[in-house]
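Following: one structure in structure tokens, then a few remarks.
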Amino acid sequence: MLSSVLGVLVLGTVCLSKSLPRVDVFHQDGAVHFRMQHAPGLKNVHFNYQKTHDAKHTLPIVAKANKDADGFWRLKDDSLSLQSGDSIQFSATALGRHGKVHSPVNHWVYAPTPTLGPRRTRGAVVFRDDFNSYDTSHWDTEVSMYGGMNWEFQVYTPEKYNVYSQNGKLMLKPTFTVDDPRWDENFLHHGEMHMTSLYGVCTQSAQYGCDREGKNGILPPVMSGKIKSKPTITFGYVEVRARIPKGDFIWPAIWMLPRGSDYGQWPRSGEIDIMESRGNTQPWDQGVGAVSSTLHWGTSAGDNHFMQTTGAHRGGDFSSDFHTWRLEWTQDHLRTTIDNQEIMRVNVPGGGFSQLGPTQNIWHSRMGPFDKPFYLMLNVAVGGMTGFFPDNWNYGYEKPWKNDSPHGVDDFWANRGRWQGSWQGDKTCMEVDYIEMRNL
């Protein structure tokens, strides 16, 4: 909501400052479309455009736009013949309150939606794991204290009690660091944790992920598990049958990230959250009684439009039994379900995700950034400092830490008497029966 309001204010200011709102260009149904949002006082809008490689030899096309009821000036041209990679140079002119106004000259590159190649068998299973064992030839194990941009409280380890297979199920289990015989309460506050020394590898160094000293702030009081699939998929189905954890402030996730950063750093290259939940029993409709799905995308962290592409499903205690989560990822929509009940559906406009924003089109394809190979991740996080566990919710007791506290992890652990009793044996695990990736 705030983004929309700010967008209108900015566009109005732009018009009054003797320039025009941004022009969006996209290809749909065999035609090139030009679009610009109306601003107060605009009239007689024209779009000027031509193929970039023709610019030295031909005059640009100048065509008058029509203003639609939705408040956009639009023009459609089905006469342009385009090949992948062709560039169009374009601008706009109009009469405004200060006379004639112009937009800057910009370029748009035609990048058609990729199609299924001839070697790709429709419906074929790309990867499946039934977890009769934990096979590291198929999975990478996270080994780091990096808590994401959320500053979560756990350290991810390859310990056999955090990541293991049991009775044909993958188990990702959070445990207390002090339950390891190597470490005690004094260690958390005065010891040192060096991941490479402990495990021979550290997979993520950001935010002191590889090396920490307790004298600078408590070491992670919880150890847990996170794995990443080596196989990837682009368009298709991802199915996970799992039981999610129960236990206050446990944060399980089934999600996907791109193998490469083709469009740039997060969230420019996208993130697909198939399932997130909270292990709390209070508030019920935001804890184990609710699951959510979200797409993260935008031109920067401050331009993340996830609120336009999210959904939730509420019901019984989702931690009490196994459920089947499914991502349906096609060339015009993404949809998630739990036991065939819809959580989220995102229908992508012909002009791509930038039309949903609105935001700058940095992807130049309908499904970008969700048109590249993505891998699957399964993890059990704990806590965090960015508001996934809001301070003002009723957890049945006062929340152990504040999200703006400089020592939130210390407070979480010092006040463990409030939440420790909710962590009951293997109920704190994410248990995964199988995962499957399959082509469309």
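Side chains are part of it too, since the values below use all heavy atoms of this structure and drop only hydrogens, waters and symmetry mates. For clarity, every value in this text was computed on a predicted model and none was experimentally measured.
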Would Leu295 and Phe353 satisfy side chain to side chain contact (heavy atoms under 4.5 Å, CB included), going step by step from the backbone distance to the final call? CA-CA 11 Å; Leu295 303 181; Phe353 276 83; 4.1 Å; yes

Go through Trp419 and Tyr395 one step at a time and tell me if the ring pair (Phe, Tyr, Trp, His ring centres under 6.0 Å) criterion holds. CA-CA 10 Å; Trp419 53 265; Tyr395 300 99; over 10 Å; no

Working note: Ile61 + Gln50, criterion side chain to side chain contact (heavy atoms under 4.5 Å, CB included); need CA distance, chi angles, decisive distance, verdict. CA-CA 6 Å; Ile61 299 169; Gln50 63 188 141; 5.7 Å; no

I'd like to know whether Asp391 forms a salt bridge (Lys or Arg N to Asp or Glu O under 4.0 Å) with Lys402, so could you lay out the CA-CA distance, the side-chain angles of the two residues, the decisive distance to 0.1 Å, and finally the verdict. CA-CA 6 Å; Asp391 290 339; Lys402 300 294 184 185; 5.4 Å; no

Check step by step if side-chain hydrogen bond (donor to acceptor under 3.5 Å, both in side chains) holds for His333 and Asn347. CA-CA 4 Å; His333 73 269; Asn347 295 315; 4.9 Å; no

Side chain to side chain contact (heavy atoms under 4.5 Å, CB included), that's the test. Do Cys429 and Tyr164 meet it? Break it down for me. CA-CA 11 Å; Cys429 294; Tyr164 58 99; 4.2 Å; yes

Test Met256 against Leu327 for side chain to side chain contact (heavy atoms under 4.5 Å, CB included), laying out the working first. CA-CA 10 Å; Met256 303 180 76; Leu327 167 69; 3.7 Å; yes

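Closest non-hydrogen pair, Pro174 versus Val222, comes out as CB-CG1, 3.9 Å. A pairwise comparison of heavy atoms in Arg314 and Asp285 identifies NE-O, 2.7 Å as the closest pair. Nearest approach of Pro221 to Val409, heavy atoms of both residues: CD-CG1, 3.6 Å. Closest non-hydrogen pair, Met36 versus Pro21, comes out as SD-O, 3.6 Å.
Contact of the Met195 side chain with the Val201 side chain is not registered, since no non-hydrogen atoms from C-beta on lie closer than 4.5 Å. Under the 4.5 Å side-chain criterion, counting only non-hydrogen atoms from C-beta, Glu271 is not in contact with Phe306. Taking 4.5 Å as the limit, every side-chain heavy atom of Leu42 sits out of range of all side-chain heavy atoms of Lys67. Proximity of Met377 to Lys226: side-chain heavy atoms (C-beta onward) are separated by under 4.5 Å at one or more points. Side-chain contact check for Arg268 versus Thr299: some heavy-atom pair is nearer than 4.5 Å. Residues Phe131 and Ile435 meet the side-chain proximity criterion, which asks for heavy atoms closer than 4.5 Å.
With no hydrogens or angles considered, no side-chain donor-acceptor pair links His305 and Trp297 at under 3.5 Å. Looking only at atom types and distance, the side chain of Asp135 has no donor-acceptor partner in the side chain of Ser133 under 3.5 Å away. A donor atom on one side chain and an acceptor atom on the other are found under 3.5 Å apart for Glu142 and Thr203. Between the side chains of Glu152 and Asn150, at least one donor-acceptor pair of N or O atoms lies under 3.5 Å.
If you run side chain to side chain contact (heavy atoms under 4.5 Å, CB included) between Thr93 and each of Asn48, Asn44, Val45, only Asn48 comes through. Of the residues listed (Ile338, Thr294, Thr337, Ile274), the one engaging Ile343 in a side chain to side chain contact (heavy atoms under 4.5 Å, CB included) is Ile338, and it is the only one. For the ring-ring contact (aromatic ring centres under 6.0 Å, His included) criterion with Phe249, the lone passing option out of Trp393, Trp401, Phe153 is Trp401.
A salt bridge is defined here as a Lys NZ or Arg NE, NH1 or NH2 lying under 4.0 Å from an Asp or Glu carboxylate O, and Arg335 with Glu342 meets this definition. A salt bridge links Arg35 with Asp24: the distance from a Lys NZ or Arg NE/NH1/NH2 to an Asp or Glu carboxylate oxygen falls below 4.0 Å.
Relative to the six-membered ring of Tyr434, Arg128 meets both conditions, a distance below 6.0 Å and an angle of at most 45° to the axis.
Thr141 meets the side-chain hydrogen bond (donor to acceptor under 3.5 Å, both in side chains) test with Tyr134; sequence neighbours excluded.
For Tyr49 and Trp108, the ring centers sit 6.0 Å or farther from each other. Checked against the 6.0 Å centroid threshold, Phe127 and Trp139 count as a close aromatic pair.
Classification of the His296-Trp266 ring pair by plane angle, with boundaries at 30° and 60°, yields tilted.
In Asn216, the CG atom is crowded: over 12 heavy atoms of neighbouring residues, nucleotides or ligands sit closer than 6.0 Å. Heavy atoms of other residues, nucleotides or ligands lying less than 6.0 angstrom from NZ of Lys230 number more than 12.
Counting only distance, with no hydrogens or angles, the side chain of Arg243 and the backbone of Ser319 share a donor-acceptor pair below 3.5 Å. Side chain of Asn106 to backbone of Phe90: no donor-acceptor contact under 3.5 angstrom is found.
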